[in-house]
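Taking it in order: structure first as structure tokens, then the write-up.
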Amino acid sequence: MLKHALCIGALLAAALPLQAQTDERGAARAQLEPKGFLYGIGIGVSEEIYQGYDRRVIPLPILGYRGDKLSVLGPFISYEVLEVNDIEILLQAAPRFQGFDESDSDVFKGMAERDFSMDAGIGIKYERSNWKLNVSAVHDVLDKSDGYELSGGVAKVFKSGPIFYEPSLKVSYLDSNHVDYYYGVRQAEVTNTRAYYQGDNATNVALGFSVSTPMFFDGFTQLMFDYTWFDDSITDSPLVDSDSSFAVRLLFSKFF
């Protein structure tokens, strides 16, 4: 686990801008992520890599608060417990929108349901001159997979008039418990067309891009795209027929 955390940390350090920077988050990031109470609505649509399971649609009601320490955006929660030289140490929790049941695809017939879960753990965040870097370690607190994830990401905001653009890169490491739960086939689930499969550790890479603007209906509109490449430990599963997926999310929020 430590080895993968160090690898992710090295990747993020290499992504830091080389020029001298101020101690501020950056004007564009401060405008993109203002503080206060907010509400709104959104929807997420993601391609699934499971056979016969085309896409997952997730409604995203937004009711929450973003402050200096506490951030609550629906079920996504983080709280800053320590700040040292602009590096924030966070406690965080987030839902894991994964899993399936028999009705989702023929490939799951005769398989036990794999459940939605919640992750919680520790995060480290660093923001300066419109850059954001973060590393997190979270564990399945509902004990569905009993798995953990280590992840690291880097992003930078650019502003052109009333439009904000933010490209991002994320690398995530999933342990064997997680991969086996969501992509494995148990001995009791083996059929003539579905072989036994035990998942191993996996490292996935995702590129993201978001476009945001305050131009519509006195609120904030954000459109986000993500493209993820999956590790062989996942794509070798007999439940899977793709090695990558595309996701899009549309959010609209306003402040009280």
* Asked: Can Arg56 and Glu48 be counted as an ion pair, charged N to O under 4.0 angstrom?
  -> yes
* Using distance alone, with no hydrogens and no angle criterion, decide if Gln222 and Ser212 have a side-chain donor and acceptor under 3.5 Å apart. => yes
* **Distance-only polar pair, side chains of Asp146 and His139, donor-acceptor under 3.5 Å** => yes
* To do: Indicate yes or no: at least one non-hydrogen side-chain atom of Tyr50 is less than 4.5 angstrom from one of Ser237.
  => no
* With Arg96, the salt bridge (charged side-chain N to carboxylate O under 4.0 Å, His left out) member among Asp119, Asp140, Asp115 -> Asp119
* Cationic N near anionic O, under 4.0 Å, Lys109 to Glu102 -> no
* Asked: With a 4.5 Å heavy-atom cut-off, do Val185 and Pro238 have their side chains touching?
  -> yes
* Any side-chain donor near an acceptor of the partner, Ser136 and Ser151, under 3.5 Å -> yes
* Polar side chain donor-acceptor pair, Asp101 to Ser103, under 3.5 angstrom -> yes
* To do: Report the C-alpha separation of Phe37 and Tyr65 in whole Å, then their side-chain angles, then the decisive distance to 0.1 Å, and conclude whether the ring pair (Phe, Tyr, Trp, His ring centres under 6.0 Å) test is met.
  => CA-CA 4 Å; Phe37 292 92; Tyr65 169 78; 4.6 Å; yes
* Asked: Taking atom types as modelled and ignoring hydrogens, do the side chains of Asp200 and Ser176 form a donor-acceptor contact shorter than 3.5 angstrom?
  -> no
Under 3.5 Å, sequence neighbours excluded: what are the donor-acceptor pairs made by side chains of residues 247-256?
residue	atom	partner	partner atom	Å
Arg249	NH1	Asp226	OD2	2.9
Arg249	NH2	Asp226	OD2	2.8
Lys254	NZ	Phe217	O	3.3

* Asked: Is it true that the side chains of Asn201 and Tyr173 contain a donor and an acceptor less than 3.5 Å apart?
  -> yes
